[in-house]
There are 2 protein chains.
Amino acid sequence: MARATVHDLARAAGVSLATIDRVLNRRGGVRPATIEKVEQAMARLNYRRDMAAAMLAKQQEYRFVFLVPIGVNTFMRNLANEATRLSDLNAADRISIRVVEIPPFDDEKLAAILNGLDGSDTSGVAVVATENAQVRQAIDRLAERGIPVVTLVSDVPASRRAHFVGIDNSAAGRTAGSLMGRFLRGRSGRIAVLAGSMLLRDHVERHFGFERVLRTEYPDLVTLPVIEGRDNGAIVEDVLGALLDRHPDIIGLYSLGGGNRGVIAALNKRHAGGRICVIAHELTAHCREALIDGTFDAILNQDPGHEARSAMRVLRALTDGQPIDQGQERIRIDIYLRDNLP
Amino acid sequence: MARATVHDLARAAGVSLATIDRVLNRRGGVRPATIEKVEQAMARLNYRRDMAAAMLAKQQEYRFVFLVPIGVNTFMRNLANEATRLSDLNAADRISIRVVEIPPFDDEKLAAILNGLDGSDTSGVAVVATENAQVRQAIDRLAERGIPVVTLVSDVPASRRAHFVGIDNSAAGRTAGSLMGRFLRGRSGRIAVLAGSMLLRDHVERHFGFERVLRTEYPDLVTLPVIEGRDNGAIVEDVLGALLDRHPDIIGLYSLGGGNRGVIAALNKRHAGGRICVIAHELTAHCREALIDGTFDAILNQDPGHEARSAMRVLRALTDGQPIDQGQERIRIDIYLRDNLP
DNA sequence: CTGAAAGCGCTTACAG
DNA sequence: CTGAAAGCGCTTACAG
């Protein structure tokens, strides 16, 4: 027997299509007794709504905005590209994604951009946010206007963002610590830690997780104070180079932010590649090469394609009031060695 | 301006809706000149087909069959459960998945089941296949009948399956070898390798990759001949137990198949947990525990949820003649340490 | 080789 | 609080 439609429901419950729709979509203004009748019919006929038909009738359009600090950061550029690609791929489903570039490390501008978003033009926002009072307030304001916001890559848990699309960054830090500890088994010495900025929550959390594991499980490895490279290759090369010169006894490096081209340059200039165990983040083209030639030992990665798709699915679910499949939307911490490179 | 519809196209090209549809779906029987006109109109109006409307009009139903050797294997049971869950979640999109249990290690039965599939009732097949002439022929026969087949978890590359949904198993083996080599840095000794059956392509490939890395990069680690446990905890406990008793100098174990409950039991009985570096596959409940309590050092995993969803998406794309997003459909080799457990 | 008309299963004003 | 009717953008027999 074919599957039940709204017409079948209407007949079975003795009401009109409009009433069926009101009950189905909880629009209210229906007598409890009528609701009851309809719900019984739904159960009896095992009714399941046809999404395609609903989409068509509703003429729903999803206009999502992705705010990404593209700048010089390869990972962010990949993320932006994936979002743009998604927009094309899903045009047939009436989903469009506008990628807006935001200046990196500029909370005020970001807040201004968020506040300037046109509600009639955007049905959801994904943002690589920084944790700042103005930014938080701007997110909350969008949420109040009924525009769902998801944070991307770095979370702002205190805000009213509906969801976070990204990895568990303290788990990533712990993983880096554990790999470092195992790869350097039996040795003791200093470990350098390079971040982009300790004003970024994701960087802080990675650092926290890393320190925690080293201190509790590998006390022979002593971390130096974090240095910051602003995710910028040139700055990274400078600050890391200076550190390496100051501490010739460094045996490990955890690069938990961007600007890894600077890491590679600094290491190569000192012929230190291979003698220092390096764990870095994000499988960009240059990191990939460094992994293959042995300069890096492991890369922790978050897949920008998955993150873009996840943000899109989550925003759509939020717009439709549908549930989110947590299993599917959990972004995993990929570990890459030379041997499992894609 | 609102997006163009088939009506707009028809008006612009000066033809009827039926002709538009013929050109859009390449049904043939249209004069080249007419096709040309329509295609120009499409380009001019930037026409993009509305999937929801097409789905509704076509009354397309996707009836997929997933053939899984559920047996005693926890991973396979998880895979089957995920497929069942998908069926519910996607009922609104007219996708149904029938999960059929196949007997493990029984090529003839599997071939018979494949041959017995009712073409009118199934629009695509996903199968955890074994590499056997009869099975291959059965797959080819389905492909000839126009029913797309994807292989799941273990591939049959010589067949006419349209796609493989699973990890690169020799890369997984290499990864295990590399982790083993690094975790045992500086030590030398024997490494045990436990498979389910060397008649399974995925197991053979993992073994190959593992051996390759150990022999070329870690010559101080010497692998013993593979033992087979048929993915069955009880058998695994026996054969591995016997091996451990025979070789008290084993310092590492690569468990590349199922039945890891048997591995845990054999190690615990001999108080060998922790002293032997263990790398296993699939993050099932017991493996997870073993990772946390230190019996296992790392788990390589393929996410059954991702695999089920990927198989479903690929089968749908094949049914519709749509392209496959290779980036999205690549199944990754997850590496889990205690620190990045989900 | 081409077209007119009906229909897919929903939602949406609008009227009462 | 409820209903009749039109419409969303496609596809599909059927007729010519």
Side-chain angles (χ1 to χ4, degrees), chain A residues 1-39 41-42 45-62 90-96 319-322, chain B residues 1-39 41-42 45-62 90-96 319-322:
Chain A
M1 119 226 97
R3 62 193 256 173
T5 72
V6 279
H7 290 94
D8 301 321
L9 281 186
R11 204 174 322 114
V15 298
S16 75
L17 288 180
T19 296
I20 294 295
D21 185 67
R22 287 181 190 108
V23 176
L24 242 48
N25 294 293
R26 305 174 205 291
R27 299 192 205 284
V30 184
R31 260 213 314 244
T34 313
I35 295 183
E36 180 66 11
K37 272 194 299 183
V38 173
E39 281 175 345
M42 283 171 59
L45 302 182
N46 186 27
Y47 174 78
R48 327 225 34 174
R49 175 225 242 86
D50 183 320
M51 277 307 284
M55 289 292 295
L56 177 56
K58 258 195 294 225
Q59 289 285 82
Q60 170 88 265
E61 298 244 1
Y62 303 94
N90 292 281
D93 288 326
R94 300 180 159 266
I95 295 176
S96 78
T319 309
D320 293 345
Q322 293 288 111
Chain B
M1 121 227 96
R3 64 193 256 171
T5 71
V6 280
H7 290 94
D8 302 321
L9 282 186
R11 203 175 321 112
V15 298
S16 74
L17 289 181
T19 296
I20 295 294
D21 184 68
R22 287 182 190 106
V23 176
L24 242 50
N25 295 290
R26 305 172 207 293
R27 299 190 205 285
V30 184
R31 262 211 317 240
T34 314
I35 294 182
E36 181 65 12
K37 274 193 300 184
V38 174
E39 280 175 345
M42 282 171 59
L45 302 182
N46 187 26
Y47 173 78
R48 325 223 37 173
R49 175 224 243 87
D50 183 320
M51 277 307 283
M55 287 292 296
L56 177 57
K58 258 196 295 228
Q59 290 284 81
Q60 171 87 266
E61 297 246 0
Y62 303 94
N90 293 282
D93 288 326
R94 297 181 160 267
I95 296 175
S96 77
T319 309
D320 293 345
Q322 292 290 111

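Per chain, numbering begins at 1; letters A, B, ... match sequence-line order. The analysis underlying the following values was restricted to heavy atoms, covering all of them including side chains, and did not include hydrogens, waters or symmetry mates.
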Just verifying a value: how many Å separate B:R22 CZ and B:T19 OG1, rounded to the nearest 0.5 Å?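 The distance works out to 5.0 Å.
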
So how far is it from B:M51 CE to B:K58 NZ, rounded to the nearest 0.5 Å?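 One finds 6.0 Å between CE of B:M51 and NZ of B:K58.
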
Which nucleotide in the set C:dT2, D:dG3, C:dT12 lies at the smallest distance from any side-chain heavy atom of A:V15?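 Per side-chain heavy atoms of A:V15, the pick is D:dG3.
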
Closest approach to the side chain of A:A54, judged atom by atom: which nucleotide of C:dC10, C:dT2, D:dC10 is it?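 So the side chain of A:A54 is nearest to C:dC10.
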
Whole angstrom value for the distance that separates [atom2] of [N] from [atom1] of [X]:
{"X": "A:R26", "N": "C:dT11", "atom1": "CZ", "atom2": "P", "result": "13 Å"}
{"X": "A:L24", "N": "C:dT11", "atom1": "CG", "atom2": "P", "result": "6 Å"}
{"X": "B:R11", "N": "D:dG9", "atom1": "CZ", "atom2": "C1'", "result": "13 Å"}
{"X": "B:Q60", "N": "D:dT11", "atom1": "CD", "atom2": "P", "result": "11 Å"}
{"X": "A:L45", "N": "C:dG9", "atom1": "CG", "atom2": "P", "result": "14 Å"}
{"X": "B:E36", "N": "C:dC1", "atom1": "CD", "atom2": "P", "result": "16 Å"}
{"X": "B:Y47", "N": "D:dG9", "atom1": "OH", "atom2": "C1'", "result": "7 Å"}
{"X": "A:M55", "N": "D:dC10", "atom1": "CE", "atom2": "P", "result": "13 Å"}

[N] OP1/OP2 closer than 4.0 Å to side-chain N/O of [X]:
{"X": "B:Q59", "N": "C:dG7", "value": "no"}
{"X": "B:T19", "N": "C:dT2", "value": "no"}
{"X": "B:R22", "N": "D:dT11", "value": "no"}
{"X": "A:R27", "N": "C:dT12", "value": "yes"}
{"X": "B:T34", "N": "C:dC1", "value": "no"}
{"X": "B:S16", "N": "C:dG3", "value": "yes"}
{"X": "A:R49", "N": "C:dC10", "value": "no"}

Of A:A18 and B:K58, whose nearest nucleotide on DNA chain D comes first from the 5' end?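 That would be A:A18.
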
B:R49 vs B:N25, side chain to side chain contact (heavy atoms under 4.5 Å, CB included): CA-CA, chis, key distance, verdict: CA-CA 11 Å; B:R49 175 224 243 87; B:N25 295 290; 2.4 Å; yes

Over all strands shown, is A:D50 touching base, sugar-phosphate only, or nothing at heavy-atom distances under 4.0 angstrom?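 If one applies the 4.0 Å heavy-atom cut-off, A:D50 turns out to touch the sugar-phosphate alone, with no base involved.
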
With a non-hydrogen cut-off below 4.0 angstrom, is A:V6 in contact with a base, only sugar-phosphate, or nothing?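 A:V6: base contact, heavy atoms under 4.0 Å.
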
Which sits closer to the 5' end of DNA chain C, B:L17 or B:A53, going by the nucleotide each is nearest to?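 Taking each residue's closest nucleotide, the earlier one in sequence belongs to B:L17.
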
How close do B:D320 and B:Q60 get, counting heavy atoms only, and between which atoms?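 Scanning both residues, the minimum pair turns out to be OD1-NE2, 3.5 Å.
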
Does D:dC1 have a Watson-Crick or wobble partner in any strand here, with both distances under 3.5 angstrom, and which is it?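 Because both required distances fall under 3.5 Å, D:dC1 counts as paired with C:dG16.
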
Taking B:A53's backbone N and O only, do any of them form a donor-acceptor pair with B:D50's side chain (distance below 3.5 Å, no angle check)?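 Such a contact is found between B:D50 side chain and B:A53 backbone.
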
Knowing that exactly one of A:V38, A:D8, A:V6 qualifies, which makes a side-chain contact (heavy atoms from CB on, under 4.5 Å) with A:Y47?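 Filter result, single survivor: A:V6.
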
